[in-house]
Number of protein chains: 2
Amino acid sequence: MFSKATEYALRAVIYIAQKGSPENKISIEEISGAIGSPRSFTAKILQILRKDNRIIQSVTGPQGGFYMTEQHRKLPVRAILTAMNEDHILSKCVLGLHTCNELKPCPMHASYKKIKEQLIQLFETRTIAQLAHEMDAGTAFIKFLGKKKEKRK
Amino acid sequence: MFSKATEYALRAVIYIAQKGSPENKISIEEISGAIGSPRSFTAKILQILRKDNRIIQSVTGPQGGFYMTEQHRKLPVRAILTAMNEDHILSKCVLGLHTCNELKPCPMHASYKKIKEQLIQLFETRTIAQLAHEMDAGTAFIKFLGKKKEKRK
DNA sequence: ATAAATAAGGACAAAAATATCCTTAATTAC
DNA sequence: GTAATTAAGGATATTTTTGTCCTTATTTAT
Ligand code: FES
Ligand code: FES
């Protein structure tokens with residue numbers, strides 16, 4: 001559904017929301033380790049999310065790293081998609097027509113419409129904080145355990 | 001949601017289902033024109049869909065082209081995704097975890113689960129024929145009218 | 001002030017997706 | 001059988017996405 005970049009973004013933000021605070025900033029190293037994403041690529045994504053302090057914040061230097069404020073945690077998950085410039089995926093036409101709407105609907109539109117609305121609703125109403133809390137509760141996980149390129153020694 | 005290749009595949013198959021028959025085969029030229037897709041790329045995709053006569057059929061030569069049998073029209077739309085090797089997108093984890101399941105759910109899982117089930121249901125129960133009929137009824141459209149690269153003269 | 005730790009950012013590399021072109025094979029019309 | 005038409009298939013090109021590496025800037029600790 002989403003690009004890898006956005007998947008990493010979602011996981012990273014949830015992790016930072018759960019573990020990070022102004023008193024306990026999280027390094028890229030820790031984040032990419034915890035969510036199972038490539039370190040440098042993750043750094044790029046965090047840069048995007050930090051831009052204009054949209055989703056996360058950061059400071060350089062020793063004890064530096066990434067963290068979030070309560071206000072940022074209250075953002076809908078959709079804000080992450082918007083920051084990653086993939087918000088349109090939620091409202092896109094399944095068949096790739098230029099616009100998905102009632103005026104020129106594709107043959108899937110009628111049956112897909114309801115699902116689309118639920119999708120948008122989901123990303124719009126669930127907040128980053130809510131997802132982080134699921135992690136706290138220990139009922140959810142966030143680490144990809146796929147084939148991992150082992151580092152040569 | 002899907003790759004461009006799969007979007008073109010869905011549109012092309014719906015078009016062939018609607019207009020094509022053993023008596024009236026459709027050329028690549030006509031198909032790509034009708035659905036607004038790049039000609040040669042579309043040819044590749046049609047090749048894949050034709051492989052082992054999975055979704056469509058074809059013959060070469062004059063009056064040749066693509067068409068479908070009634071049996072093929074009865075296939076669920078999901079069969080197209082399977083042929084394009086993107087069936088997994090329907091059941092994939094939103095956050096990109098290796099597997100989406102109850103045992104190791106991601107923080108989005110609980111709320112996404114229902115939507116996922118509806119998505120699968122939709123692609124599993126709707127048939128290619130049904131989509132083609134929506135076209136017949138004139139209530140649905142299939143042509144992408146986006147920015148088109150004008151051919152230089 | 002200096003050294004160390006850390007993110008920011010630019011340049012580059014690799015891989016995958018998208019797209020085009022050209023030659024070959026199959027079929028049909030004559 | 002010959003020419004014309006059409007898809008099949010291979011090779012290649014282009015663009016986008018994913019990923020790495022290196023240098024710079026900022027902050028902290030001493
Ligand atoms: S127009 Fe295709 S999904 Fe709405
Ligand atoms: S585990 Fe992530 S959506 Fe099911």
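Order of the sequence lines fixes the chain letters, A, B, ..., with proteins taken first and strands second; residue numbering starts at 1 for each chain. Just the heavy atoms: all of them, side chains too, but no hydrogens, waters or symmetry mates, feed the values below.
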Output the rounded distance in Å from [atom1] ([X]) to [atom2] ([N]).
X       : N      : atom1 : atom2 : answer
A:Glu23 : D:dT28 : CD    : C1'   : 17 Å
A:Ile31 : C:dT6  : CD1   : C1'   : 12 Å
A:Tyr67 : D:dT27 : OH    : C1'   : 13 Å
B:Glu29 : D:dT6  : CD    : P     : 10 Å
B:Gln47 : C:dA19 : CD    : C1'   : 14 Å
A:Ile16 : C:dA7  : CD1   : C1'   : 12 Å
B:Leu46 : D:dG9  : CG    : C1'   : 14 Å
A:Asn24 : C:dT6  : CG    : C1'   : 15 Å

Using a heavy-atom cut-off of under 4.0 Å over every strand shown, decide if [X] touches base, sugar-phosphate, or nothing.
X       : answer
A:Ile28 : sugar-phosphate
A:Ile45 : nothing
B:Ser40 : base
B:Lys44 : base
B:Ile26 : sugar-phosphate

Notebook entry, point to check: Hey, does B:Tyr112 have a side-chain heavy atom less than 4.5 Å from the side chain of B:Leu119?
Noted result: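 In contact.
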Under 3.5 Å, N/O pairs linking protein and nucleotides 12-17 of chain C:
none

Note to self: Checking contacts here: which listed nucleotide (D:dA29, D:dT26, D:dA8) is nearest the side-chain heavy atoms of A:Thr60?
What the structure shows: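 Minimum distance to the A:Thr60 side chain belongs to D:dT26.
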Item checked: Comparing A:Gly61 and A:Phe2 on DNA chain D - which has the more 5′ nearest nucleotide ->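 Here A:Phe2 is the residue nearer the 5' end.
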Next item on the list: Assign each of B:Glu86 and B:Pro62 to its nearest nucleotide of DNA chain C by heavy atoms, then name whichever residue's nucleotide is nearer the 5' end.
Entry: B:Glu86
Check the phosphate of [N] against [X], side-chain N and O only, distance under 4.0 Å to OP1 or OP2. Yes or no?
X       : N      : answer
A:Arg50 : C:dA7  : no
A:Tyr8  : D:dT18 : no
A:Ser27 : C:dA5  : no
A:Gln63 : D:dT28 : no
B:Arg39 : C:dA19 : no

Check: Does B:Ile89 share a hydrophobic cluster with B:Ile45, counting links as ILVMFWY side-chain heavy atoms below 4.5 Å and allowing steps through other members?
Finding: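 Same cluster.
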Margin query: Distance alone, cut at 3.5 Å: any donor-acceptor contact between the side chains of B:Gln71 and B:Thr69?
Written below: no
Note to self: If you count heavy atoms of other groups shown closer than 6.0 angstrom to NZ of A:Lys19, is the number above 12?
What the structure shows: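 Result for NZ/A:Lys19: open.
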Next item on the list: Please say whether more than 12 non-hydrogen atoms of neighbouring residues, nucleotides or ligands are located less than 6.0 Å from CG in B:Asp136.
Entry: yes
Item checked: Main-chain N/O of A:Lys104 paired with A:Asn101 side-chain donor or acceptor, under 3.5 Å -> yes
Notebook entry, point to check: Applying the side chain to side chain contact (heavy atoms under 4.5 Å, CB included) test to B:Val77, which of B:Val13, B:Leu122, B:Leu10 qualifies?
Noted result: B:Leu10
Notebook entry, point to check: Which pairs count as salt bridge (charged side-chain N to carboxylate O under 4.0 Å, His left out) when at least one residue sits in residues 111-129 of chain A, sequence neighbours excluded?
Noted result: A:Arg78-A:Glu124, A:Glu102-A:Lys113, A:Arg126-A:Glu134
